[in-house]
Amino acid sequence: MFGLFKKKKRKSGLPELKDLDSVPLAEGDLVEALRYDLGKCKLLVIDSSYVYESVATGEKVSWLKMIDASTENQKVKKII
(Lines give C-alpha, C1' and ligand atoms only; values in the text may rest on other atoms or scores of the structure.)
Protein backbone atom coordinates (compact mmCIF):
# COMPACT_ATOMS: atom_id res chain seq x y z
CA MET A 1 0.00 0.00 0.00
CA PHE A 2 2.83 2.41 0.78
CA GLY A 3 4.34 1.82 -2.65
CA LEU A 4 1.53 3.74 -4.37
CA PHE A 5 3.03 7.15 -3.78
CA LYS A 6 6.61 6.57 -4.86
CA LYS A 7 8.26 9.19 -7.02
CA LYS A 8 8.86 8.10 -10.56
CA LYS A 9 12.45 8.21 -11.68
CA ARG A 10 13.08 10.49 -14.63
CA LYS A 11 15.23 9.43 -17.48
CA SER A 12 18.49 11.27 -17.34
CA GLY A 13 19.70 12.99 -20.45
CA LEU A 14 18.01 14.39 -23.50
CA PRO A 15 14.74 13.29 -25.13
CA GLU A 16 14.81 11.15 -28.26
CA LEU A 17 13.96 13.28 -31.30
CA LYS A 18 12.48 11.99 -34.55
CA ASP A 19 11.85 13.75 -37.85
CA LEU A 20 8.48 13.79 -39.69
CA ASP A 21 9.23 10.34 -41.16
CA SER A 22 10.01 8.95 -37.66
CA VAL A 23 13.75 8.70 -38.40
CA PRO A 24 15.73 9.14 -35.16
CA LEU A 25 17.82 12.31 -34.89
CA ALA A 26 21.16 12.69 -33.10
CA GLU A 27 23.53 15.54 -32.33
CA GLY A 28 25.37 16.70 -35.44
CA ASP A 29 22.71 15.57 -37.95
CA LEU A 30 21.90 17.81 -40.90
CA VAL A 31 18.19 18.44 -41.40
CA GLU A 32 15.91 20.50 -43.61
CA ALA A 33 13.77 22.67 -41.30
CA LEU A 34 10.15 23.12 -42.35
CA ARG A 35 9.53 26.15 -40.10
CA TYR A 36 10.97 29.64 -39.55
CA ASP A 37 12.69 29.75 -42.98
CA LEU A 38 15.83 28.17 -41.54
CA GLY A 39 16.61 25.96 -44.52
CA LYS A 40 19.41 23.46 -43.91
CA CYS A 41 20.23 23.16 -40.19
CA LYS A 42 22.55 21.29 -37.90
CA LEU A 43 21.25 19.74 -34.67
CA LEU A 44 23.38 20.83 -31.70
CA VAL A 45 23.32 20.35 -27.92
CA ILE A 46 23.77 23.58 -25.97
CA ASP A 47 23.32 23.75 -22.17
CA SER A 48 21.85 20.19 -22.16
CA SER A 49 19.11 21.14 -24.65
CA TYR A 50 18.73 20.56 -28.38
CA VAL A 51 19.04 23.54 -30.74
CA TYR A 52 18.75 23.80 -34.53
CA GLU A 53 21.35 26.12 -36.05
CA SER A 54 20.82 27.36 -39.60
CA VAL A 55 23.83 26.69 -41.84
CA ALA A 56 23.12 29.78 -43.98
CA THR A 57 22.30 32.43 -41.36
CA GLY A 58 23.54 31.00 -38.04
CA GLU A 59 20.11 31.58 -36.44
CA LYS A 60 19.35 29.19 -33.56
CA VAL A 61 15.92 27.78 -32.71
CA SER A 62 15.01 25.51 -29.78
CA TRP A 63 13.76 22.00 -30.52
CA LEU A 64 10.59 22.78 -28.56
CA LYS A 65 9.44 25.21 -31.28
CA MET A 66 9.77 22.50 -33.93
CA ILE A 67 7.33 19.96 -32.42
CA ASP A 68 4.53 18.81 -34.72
CA ALA A 69 1.33 18.78 -32.65
CA SER A 70 -0.31 15.83 -34.40
CA THR A 71 2.63 13.39 -34.30
CA GLU A 72 4.88 14.88 -31.57
CA ASN A 73 7.82 14.48 -33.97
CA GLN A 74 10.01 17.34 -35.15
CA LYS A 75 9.02 19.49 -38.16
CA VAL A 76 12.25 18.63 -39.95
CA LYS A 77 13.46 16.11 -42.52
CA LYS A 78 16.79 14.40 -41.98
CA ILE A 79 19.31 14.83 -44.80
CA ILE A 80 20.96 11.47 -45.41
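- Here Val55 is tied into one hydrophobic group with Leu30, Ile79, each link being a pair of ILVMFWY side chains closer than 4.5 Å.
- Listed by chain and number, the residues in a side-chain hydrogen bond (donor to acceptor under 3.5 Å, both in side chains) with Asn73 are Ser22 (sequence neighbours excluded).
- For residues 49-74, every residue pair satisfying the salt bridge (charged side-chain N to carboxylate O under 4.0 Å, His left out) rule, not counting sequence neighbours, is listed here: Asp68-Lys75.
- Of the residues listed (Val76, Ile67, Leu43), the one engaging Leu17 in a side-chain contact (heavy atoms from CB on, under 4.5 Å) is Leu43, and it is the only one.
- Lys18 pairs by the salt bridge (charged side-chain N to carboxylate O under 4.0 Å, His left out) definition with nothing, not counting sequence neighbours.
- Note: Lys77 NZ to Leu25 CG = 13.0 Å, rounded to the nearest 0.5 Å.
- Residue Leu34 belongs to a hydrophobic cluster whose other members are Leu20, with links defined by side-chain heavy atoms closer than 4.5 Å.
- Residues passing the side-chain contact (heavy atoms from CB on, under 4.5 Å) test with Glu27 are Val45, sequence neighbours excluded.
- For the pair Tyr50 and Gln74, the minimum side-chain heavy-atom distance is 4.5 Å or more.
- Judged as a salt bridge (charged side-chain N to carboxylate O under 4.0 Å, His left out), and not counting sequence neighbours, the contacts of Asp29 are Lys78.
- Trp63 and Tyr52 get closest at one heavy-atom pair: CA-CE1, 3.9 Å.
- A single hydrophobic cluster is seen to contain both Val61 and Leu64, as judged by linkage of ILVMFWY side chains at heavy-atom distances under 4.5 Å, directly or through other members.
- Legend: side chain to side chain donor-acceptor pair (under 3.5 Å) pairs involving residues 30-48, not counting sequence neighbours: none detected.
- For the residue pair Leu38 and Ala33, the shortest heavy atom distance occurs at CB-CB, 3.8 Å.
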